[in-house]
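Structure first, then comments.
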Amino acid sequence: MKSVFILADKAWVGSNLLYKWQKNLGNYIAVAGQDNTVKIFDRHGHKWTELNLPGRCVGMDWDRDGDILAVIAAKSSSIFLWDASVNKTSQIDSGMRDQMSFILWSKTSPLLAVGTAKGNLLIYNQQTSRKIPVLGKHTKKITCGCWSSQNVLALGSDDNTLSISNHEGDTIRQTTLRGEPAEICFSVMKTDERSSQGESTVSVSVEKRILMLFSVNDPENRIELTFQRHYGNIVSYRWYGDGYILIGFSFGYFVVISTHIREIGHELYQTQNHKDSLNSVAISPVLNMAASCGDNSIKIQELSELKNVSNIVRLDDETKGLDQLSWTDDGQLLAVSTQKGMLHVFLTKLPILGDSFGTRLAYLTSLLEVTVSNQVDGEKPVAIQVDVEPTFIAVGPYHVAVGMNNRAWFYALLDQKPGFNKLKDIEYLGTIASMCLNSDYAAALFEGKVQLHMIEGQDQEEKKQMKLFPDDDRKGRILCHALTADFLYYGTDLGNVVCVLVEDWETVSSYSHSVGVRKVFPDLNGTRLVFIDDKNGGFLLSPANATDSCFELPNFSPTITGVLWDNWHADRGVFVAYDDDKVYTYALHKTTIYGPRVVLVGSTALLYSQKPLLLHNGELTCQTASGKTSDVAMSTHSFLKNSTSTIAESPPELSKQLTHALMLKRFHEACDLCKSAGTDTDWAELGKACLVHMEVELAIQVYRMSGNVGMVLSLQGIQGIEDMSLLAGHLAMFLGEYNLAQDQYLSSSCPVAALEMRRDLLHWDSALMLAKRLAEDQIPFISKEYAVHLEFIGDYVNALAHYEKGMTHDNKFQEHDETCQAGVARMSIRMGDIRRGAAQATQHPSRVLKKECGAILESMKQYSEAAQLYEKGQYYDKAALVYIRCKNWAKVGELLPHVSSPKIYLQYAKAKEADGKYKDAARAYESAKDWDNVIRVLLDQLNNPEDAVRIVRETQSIDGAKMVARFFLRLNDYGSAIHFLVLSQCNDEAFQLAQQHGQMEVYADIIGSEATQEDYQSIALYFEAEKKHLHAGRFFQKCGQYSRALKHFLKCPNTDDNLAVEMAIETVGQAKDNSLTNQLIDYLMGESDGMPKDAKYLFRLYMALQQYREAARTAIIIAREEQCAGNYRNAHDLLFSMYTELQAQKIKIPAEMATNLMILHSYLLVKIHVKRGDHLKGARMLIRVSNNISKFPAHVVPILTSAVIECHRAGLKNSAFSFAAMLMRPEYRNDIDQKYRKKIEAMVRRPDTAELEEETTPCPFCGFQLPQNELLCISCKNNLPYCIATGRHMLKEDWSVCPHCEFPALYSQLILLLETETVCPMCSETLSIKQVKKISDCSTYLQTDELDQ
């Protein structure tokens, strides 16, 4: 931080100074001491004017634009106004009688607030000269205050109150404080959501101990912040950023807090900046800096990172200490007053102005000082004191120019001291936008024109040595220009980039761009130039070379503001483009196999507010805001550091450095990198880059070092080729860029190289097209090669065409033609032209071709042709196999003498087997000595286990024996399997097999049709030991020990109960022993275990004892009991199950059982039909049930009532009457439901005997017509089978049965019923329409002996 000037005055000695910077511009500073004057100085410390006052100055303030300074003085009621623009002082009478104490301009309007020692207020509008006096605003002296940006005025007074007024002076709020207020500020408290209320928070320091915050709208709801005692008093505080406050304390502490409601009360940062005391703090939002002064030093910190102290200034002369700090609005100057009465002004921010020419730099180091340096050449820096604060700087090889507005001052640079010499100053015709110099000329751009003139010329020659560009206004406005040693470049808003030769001022070249050109940056020689257009695109232009047109720069950031070319002699094609944050390195590759191109190498981050001035070998020199230069090492040139240091880099870092080095064409550095720690990949990258840049010599060295012999030999072969296109073609081919290589070859002096390359690559399509243009005699050979390729990928149509094209018909190429003929033969067969193909193959001398064509034909299932070709080619084994496949046994017979392989016999046998000629197959297998297959065929196909057994015995084949056993096992014929094992004396296996398969009984059967009772007994004992009661019982039964058998059966657990009980019944049936019978009956009746078993077992017992009448009777009795209890469904199901059981045993069914089942079924049908709404069918079934009402004793009245209702509904009035009359009997009458009683009585009193005639249908036995529901034919006296869906008798032509229970049903009626029902009405199994089939021949169902009449 540089001291700009120091102000001192005898009159100020020992007093605290009052001073204020001019707002906005900061061009003036007004200072007042103890004397009765205010002195005004400019920003360079020159005294500008002085205001004489009647008394000591007590307050002053600049208005919002910095135009007017208002001053109040002791012993005066006037306000003094000094206008900076005209340097005039005026005076306004306030009209107040008491002493002025406070003065402040509004932030947003021309309002001036003045407070007095007695608490009165005056608001003066400078625009309208209106004064608003407000008396008694406070009761004591007004000491401090602040305007908000909404023109609200807050004032603090010694009466310990704070008032808030509007711009008319009316009090909006007033609040009482705990002590004296100081430093009032308006701001916005930090909140989660952005509020639009403006500056609604007031902060005030109370008693120098408390910082109080409250809302303008709610002053009673305050936040009072107190701080630690050892900080001392609050000296001063400042708001900044998003609701943060920085506070300075008298004991040197410096604290930052946030006003966010969640963070309030927490110190975000705290430090003791000064050891003993702190006098003042200041903030510059522009610089984002904070300053504090205390003891005798100033500290400057960054607000974004408060720990970073960017500057410390010690003022050792100021023994009494410092006083107040103040910054200009633009942050350039910082003033500090001292207790001695002096004012120091420091430079904190400079405008970043600088320029470079070659390696020479000129840059602003103070407001009025320009430094010229040339670090690269080691020249000493020269500081030039200039007359004005410049707005631009230009430097040439021997001159520096600075200037502002339309004037420029020129200085010559000298070797002797002081190092410079002021030449002259020139006024131009407009405000200078920019200026460039070379050794002799200056070029200034102003108002769309460029003026070019000599720097050191005599005045009279000046006219001759000056020219304006453009010479014609129609050529557009110039937006930018640049000067090199020989050329002037400029860009216009019409998009022209013009190059002028400085010597004769003639235009050398002009390039037209589509949009306006904003900036031009030529390199040192002026041979290349980068320009930026109005659309923020960057382009590289070579004005001298018309063939290299304009390249657009890749990934060009739209924020880029400038470009610098590298000044290092070897890096002619490297330049950087920069914006505020980053520097992007670009490289021009002039000679590559792809042609000229520009690549983005990488980017480097820039620190805040650095402006690049010079690039030299990867070092970027930047100018900073403090007026110094700093060097930035480009990240893209990091490999340069590496070459000098010996530290090994990490592999990813190394490969990144290598990439950068290659993009910058620094091949030797890249080579060094690879030598130091390069992997194979890195060497390959380096080699590839050498090839791309056509550096053949270097590439040979690289590939030699990396051990790639093939590449070295290839490159040595093309070394020394002068035709660049041919060389580029070869290199592109080596890199695999075949299309590019072809283009380069074709544009070279040796276009045939393209054809050779395509042939070597097997790119036949391209090769054929090139051959038509370049070498027609090669077409047949390429066609043949192409055909081979097409055949391989299966494109047979085109392959055939190319084989045909490949024929030369020239004896010199006989072998080639034969290959083509063979191809034609193969392709013809593939295409389906078998006769042509086979004929060609037969004529062709090659045996191999016959084999190939045979294989193709075989795959196409053309077996006879295939076999003939194989035979002609003497491939007898193959021929025999194919003849076998096409079952040409005669041919196979002919060929068998030539056949050597047992495989063929085997194939023959297999073929015979596949053909179904198993005996021949077995014989052939025997010839092939394949015994296992012989046995397999005998067992699986010929079903000849005897022969199989014979062969097993002869050959002692264990596999054969197992096969025979498996054969029987496969048939689930464990008997035979065990039998065979027993026969083969494999008794252990037989016993194991029996054990494994639970086949003990089978085993018993095998060893024993001649097995003794002892054998059975031992098996039974085996099961008894295993606790397998069921099996033990079974074998005890077999060996006649019935009582033991019964004991085991009765021991069986309940899961096997059914089977065990049935076996028990069978045992008792066999034993015919009354004691055993009684024992079982006790078990079934539940007398032994208290759990009666199902009555059906009793029924079964009778069946087993062949007491069929008792069995049927038992069933009927059980059903009758259920029926009487009203469980009609149970009774029905029981009778149904007994019925099916008897039927299965082919025992006649007792008539009583059949009749009961029919009546119960009719009863169940009633519900189904009534539910479906078919009342007639329901009524008919109810008539049948009611005629047998004695079978339903539990529900007589409900059934008769239903019969009356349903008959009445169905129009069977007479039947309804007869059942109604039955209900009127005294034993039933009282039980009738009240709902129906009166109706039924009415029916009986007034009988209606109308009756619907019942339809008649033929008897299925004799065809006699009888009523639908009649089940006894009066003609043939047969009981008629009934339909389970309707209860009607069956009809021959409408017959079907339930697939589950086989009860008959009328097909049409069952289908109708299944539209709403899903189960069979008889057996209740799930049934769908699809399962019901109509039966045309029902004679098997019409056997009359089913029932026991």
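Just so you know, these numbers use all the heavy atoms, side chains as well, and skip hydrogens, waters and symmetry mates. Nothing fancy with the numbering, it's 1 onward along the sequence.
- The side-chain hydrogen bond (donor to acceptor under 3.5 Å, both in side chains) analysis of residues 514-524, with sequence neighbours excluded, yields the pairs R518-N536, D523-T527.
- Put simply, the side chain of L524 does not reach to within 4.5 Å of the side chain of T484, judged on heavy atoms.
- Between Y594 and L740, some side-chain heavy-atom pair lies under the 4.5 Å cut-off.
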> Could you walk me through whether S510 and N496 pass the side-chain hydrogen bond (donor to acceptor under 3.5 Å, both in side chains) check?
Replying inline: CA-CA 7 Å; S510 176; N496 293 322; 4.6 Å; no

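- Ring planes of F469 and Y490: tilted class, angle from 30 to 60°.
- The list of side-chain hydrogen bond (donor to acceptor under 3.5 Å, both in side chains) pairs with a residue in residues 377-395, not counting sequence neighbours, reads R43-E389, H44-E389, R360-E379, E369-Q385, N374-D377, D387-K422.
- Taking the six-membered ring where the residue is Trp, the centroids of F539 and H513 are separated by under 6.0 Å.
- Nearest heavy atom pair, residue A661 against residue A670, reads CB-CB, 4.0 Å.
- The shortest side-chain heavy-atom distance between L413 and V372 falls under the 4.5 Å cut-off.
- Using cut-offs of 30° and 60° on the angle between ring planes, the pair F639 and H637 is parallel.
- Distance alone, capped at 3.5 Å, is enough to place a donor-acceptor pair between the N438 side chain and the Y441 backbone.
- A donor-acceptor pair under 3.5 Å is formed between the side chain of D566 and the backbone N or O of N617.
- Within the structure, every pair that satisfies the ring pair (Phe, Tyr, Trp, His ring centres under 6.0 Å) test and touches residues 682-706, not counting sequence neighbours, is listed here: H589-H693, F667-H693.
- By the 6.0 Å contact criterion, CD on E503 is open, its count of non-hydrogen atoms from other residues, nucleotides or ligands being 12 or less.
- The two residues C436 and A482 make their nearest non-hydrogen contact at SG-CA, 3.8 Å.
- The side-chain heavy atoms of V598 and P554, taken from C-beta on, include a pair separated by under 4.5 Å.
- The backbone N or O of L614 sits nowhere less than 3.5 Å from a side-chain atom of S356 that would complete a donor-acceptor pair.
- At a threshold of 4.5 Å between non-hydrogen side-chain atoms, the residues Y363 and I393 do not count as touching.
- Applying the side-chain hydrogen bond (donor to acceptor under 3.5 Å, both in side chains) definition to pairs two or more places apart or across chains, those involving residues 552-562 are S557-T559, T559-D579.
- The aromatic rings of Y428 and H453 lie tilted to each other, with the angle between the two planes from 30° to 60°.
- When side chains are defined from C-beta on, Y411 does not count as touching N421, because their heavy atoms never get closer than 4.5 Å.
- Remark: D682 pairs with T679 by the side chain to side chain donor-acceptor pair (under 3.5 Å) rule, at least two apart or across chains.
- Other residues, nucleotides and ligands place more than 12 heavy atoms under 6.0 Å from the NZ atom of K2.
- Looking at D533 and K535, no side-chain N of the basic residue comes within less than 4.0 Å of a carboxylate O on the acidic one, giving no salt bridge.
- Surrounding CZ of F392 are more than 12 heavy atoms belonging to other residues, nucleotides or ligands, all under 6.0 Å away.
- Side chain of Q623 to backbone of L353: a donor-acceptor contact under 3.5 angstrom is found.
- By the salt bridge (charged side-chain N to carboxylate O under 4.0 Å, His left out) test, D581 pairs with no residue at all, sequence neighbours left out.
- Proximity of V576 to P612: side-chain heavy atoms (C-beta onward) are nowhere separated by under 4.5 Å.
- Of the options T624, D580, I352, a side chain to side chain contact (heavy atoms under 4.5 Å, CB included) to S609 is made by I352 and by none of the others.
- For K611, the NZ atom sits in a packed shell: over 12 heavy atoms of surrounding residues, nucleotides or ligands are nearer than 6.0 Å.
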